[in-house]
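Scroll down for the structure; my scribbles are underneath it.
Just so it is clear, the values below take in all heavy atoms, side chains as well, and ignore hydrogens, waters and symmetry mates. Chain naming here is simple, since letters A, B, ... match the order of the sequence lines and numbering starts at 1 in each.
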Number of protein chains: 2
Amino acid sequence: MASIKDVAAEAGVSAATVSRVLNDHPSVSADARTRVLAAVATLGYRPNAVARSLRTDQTHTLGLVISDVLNPYFTELARSVEEEARALGYSVIIGNADERPDLQDHHIRNLLDRRIDGLLVSPTDGGSPLMLDAAHAGTPMVFVDRWIPGVDVPVVRSDGRAAVRDLVEHLHRLGHRRLAIIAGPAATTTGRERVDVFREALRAHGLDLPDAYVGQGDFQARSGRRVTERFLDLPDPPEVVFAADNLMALGALDALRARGMRVPGDIALAAFDDVPWFVHTDPPVTAIAQPTGDLGRAAVRALIARIEGRPGESLTLPARLVIRRSCGEPSSTSPSPPPVRRSKP
Amino acid sequence: MASIKDVAAEAGVSAATVSRVLNDHPSVSADARTRVLAAVATLGYRPNAVARSLRTDQTHTLGLVISDVLNPYFTELARSVEEEARALGYSVIIGNADERPDLQDHHIRNLLDRRIDGLLVSPTDGGSPLMLDAAHAGTPMVFVDRWIPGVDVPVVRSDGRAAVRDLVEHLHRLGHRRLAIIAGPAATTTGRERVDVFREALRAHGLDLPDAYVGQGDFQARSGRRVTERFLDLPDPPEVVFAADNLMALGALDALRARGMRVPGDIALAAFDDVPWFVHTDPPVTAIAQPTGDLGRAAVRALIARIEGRPGESLTLPARLVIRRSCGEPSSTSPSPPPVRRSKP
DNA sequence: CTGAAAGCGCTTACAG
DNA sequence: CTGAAAGCGCTTACAG
């Protein structure tokens, strides 16, 4: 590959001048500029980003560590992150933690070694020493979706409180009283919060959330299946299963189908996170939709602000309930909105 | 961040010795080794991968340009690629082309600038000059899923020929005669091949594939919806719609639902690519499943072989038909296999 | 406006 | 076994 020296030779100038032209430095003669540009074109020269990064100590790259690429929620998040970053002149490198703290650390280490300018993370756990060190050492960082309390890092996430209350209200009105939840890992904020909020909402209706109705999942499909089976084996099985994310809802559907149970006739189902498929499942699944694209974009802006020395603010956006048929006939006062489909920008 | 000089000072040796220890060079005294290792530990030193890459001209990084991150097929492909690469000591940087040739070029350029060791691509088009140049210039490259004829690059993909024949056989047996297809872009191999194979299979049954029954999609949901609406508006609408990928099948479901049509009662539906949700849609969708994980892993092995100067072979794996209920009652001779769920490794 | 020089953080022949 | 030195491809004060 042609290097800056080749271009300099071809154009009859020094490497410094080539560099200045390429970086739009003002003090370059028009003549030098055209000769350099011509040389660049004939050689098909592209600056070596590795060398440039070493010299400038900037990579114009953001690291994004997501919990699970197979989760459409994170996949959509990743897409919006990359889109916004690209618009602002940054690339993004994605690391998939697959809900495993060890893999998360692997990717954080890798990203740090590559000297990314900033880190966007949705922690799979309570924060490894490695991640905490990075935060304290001043690596620009932003938490998205999930976060770690007590760390001075902006958090961009959605607040499902109102939506969960709406959900419980909806379930209560349909006559359901025994409500169970498939929770995410207690080490994650979303794992804890969704249970807490659910419990709170139940209490407001005078309902209890017994331990047996809190199943421990890990946000992946297999655990949703396992927990649901356990619920069904209970002497007094729940009337409703609320999955704390879409993949565990998928697992729940697997379990229900395997037992030949009908939704919502035999048991009701609802999920946190809305995905396009929920419109077409049998029955369509009532879900809590997050403004995923907005979260991704806001997280990128906050991170880049931090990188450039500006404040970089936290942001919490509301989630909203989307009622479909998986919990019983929708009340006539809350018609199900039409399906949302994302399109090209 | 601590540099190699800091470690050298701390350990009382030269930077060269630190480097040798870190790279497992044989000629280092045991004493020097322990002192260096201790210094590394106390300083929390991590080598700067950027500097190392500049010097060694290797990044131990693979670029993966996929057509669409929102497509679960590619998401699963990306996951298996990263997994295999990691096992072999490589990182992967993913670029999402979003089915747009311009974005694809953007990512290829970015990846090349970063001096990735090799490129894995599933082209969204017939091959831009940029991509062709890279291939000819000797950038180690492997095509996965889609490919570009006439370029000397290994291809790892699946062959859907037998599965499409099985599908048409299945449809024919169920009495369907007017079969339509939602095709992918003609500029892609999979876009063309799936139509060709489908047409061939129809011919074997004495059936025709009229132009009106070939809808032009782009592998994304929106186009599946649009094409399906057009099919339904035909004076003589098809009895079956075969979507050439899972997202266009999703779009087709949107369109059918919007018109209040029942599947398979009013119209049958089948898709190329199987996704976990197809088990739970109303009705479960008959689909052609690819050995996605195997493709991703094989592609990585082929690419790394090329990088390391070994041959790096092409591979074609068969896809298989998974019969569900979306085309009518399955014949008793081909029972629907149980749902497949991927799990952690 | 321009070039020579230094330096980013590593690795690796080359001497010793 | 070890260190000094060169060099990977850039950028950027510093002189002129």
Task: Rounded distance in Å - CZ (A:Arg52) to C1' (C:dC10) - done: 20 Å

Open item on the list: Given C:dC10, D:dC10, D:dT11, identify the nucleotide with an atom nearest to the side chain of A:Asn48.
Closed with: D:dC10

- [ ] Could you measure between the two C1' atoms, the one in D:dT12 and the one in D:dG16, and give it in whole Å?
- [x] 16 Å

TODO: Could you check how far CZ of A:Arg46 sits from C1' of D:dG9, rounded to whole Å?
DONE: 15 Å

Open item on the list: Is A:Tyr45 close enough to D:dC10 that one of its side-chain N or O atoms is under 4.0 Å from OP1 or OP2 there?
Closed with: yes

- [ ] Measure the distance from CZ on A:Arg55 to P on D:dG7 and round it to the nearest whole Å.
- [x] 19 Å

Open item on the list: Strictly by Watson-Crick or wobble contacts shorter than 3.5 Å, is anything paired with C:dA4, and which nucleotide is it?
Closed with: none

Open item on the list: Heavy atoms only, 4.0 Å cut-off, all strands: where does A:Ser29 land among base, sugar-phosphate and nothing?
Closed with: sugar-phosphate

TODO: Report which part of the nucleic acid B:Val13 touches: base, sugar-phosphate, or nothing (heavy-atom distance under 4.0 Å, all strands).
DONE: sugar-phosphate

TODO: Please work out if A:Ser27 contacts a base, only the sugar-phosphate, or nothing of the nucleic acid, heavy-atom cut-off 4.0 Å.
DONE: base

Open item on the list: Tell me the interatomic distance from A:Asp6, atom CG, to D:dC8, atom C1', rounded to whole angstroms.
Closed with: 13 Å

Task: Carboxylate-amine/guanidinium proximity below 4.0 Å for B:Glu83 and A:Arg100 - done: no

- [ ] Would you mind classifying the nucleic acid contact of A:Asp57 as base, sugar-phosphate or nothing, using non-hydrogen atoms under 4.0 angstrom?
- [x] nothing

- [ ] With the side chain of B:Ala16 defined as its heavy atoms from C-beta on, choose the nearest nucleotide among D:dG3, D:dC8, C:dC10.
- [x] D:dG3

- [ ] Answer with yes or no whether the side chains of B:Thr59 and B:Arg114 bring together a donor and an acceptor at under 3.5 Å.
- [x] no

- [ ] Indicate whether the side chain of B:Ser53 and that of B:Arg115 have a donor and an acceptor atom separated by less than 3.5 Å.
- [x] no

TODO: Grab the CD1-P distance between A:Ile4 and D:dC8 for me, whole Å please.
DONE: 13 Å

Open item on the list: I'd like to know if the side chain of A:Glu82 pairs up with that of B:Asn96 as donor and acceptor (distance under 3.5 Å, no hydrogens or angles considered).
Closed with: no

Open item on the list: I'd like to know if A:Asp98 pairs up with B:Arg79 as an ion pair, taking the criterion as any Lys NZ or Arg NE/NH1/NH2 lying under 4.0 Å from an Asp or Glu carboxylate oxygen.
Closed with: yes

TODO: May I ask which nucleotide in the shown strands pairs with C:dA13, Watson-Crick or G-U wobble, both distances under 3.5 Å?
DONE: none

Open item on the list: Rounded to whole Å, please give me the gap between CZ in B:Arg114 and P in D:dG9.
Closed with: 18 Å

Open item on the list: Between the base of D:dG3 and the side chain of B:Arg20, is one N or O donor paired with an acceptor at under 3.5 angstrom?
Closed with: yes

Open item on the list: Can you work out whether B:Leu54 or B:Ser14 has the more 5'-proximal nearest nucleotide on DNA chain D?
Closed with: B:Ser14

- [ ] For B:Thr56, answer base if it contacts any base atom (sugar-phosphate contacts may also be present), sugar-phosphate if it contacts only those atoms, and nothing otherwise; contact means non-hydrogen atoms under 4.0 Å.
- [x] sugar-phosphate

TODO: Can you tell me the distance, in whole Å, between the CZ atom of A:Arg35 and the P atom of C:dC1?
DONE: 15 Å

TODO: Could you check how far NE2 of B:His25 sits from C1' of D:dC1, rounded to whole Å?
DONE: 9 Å

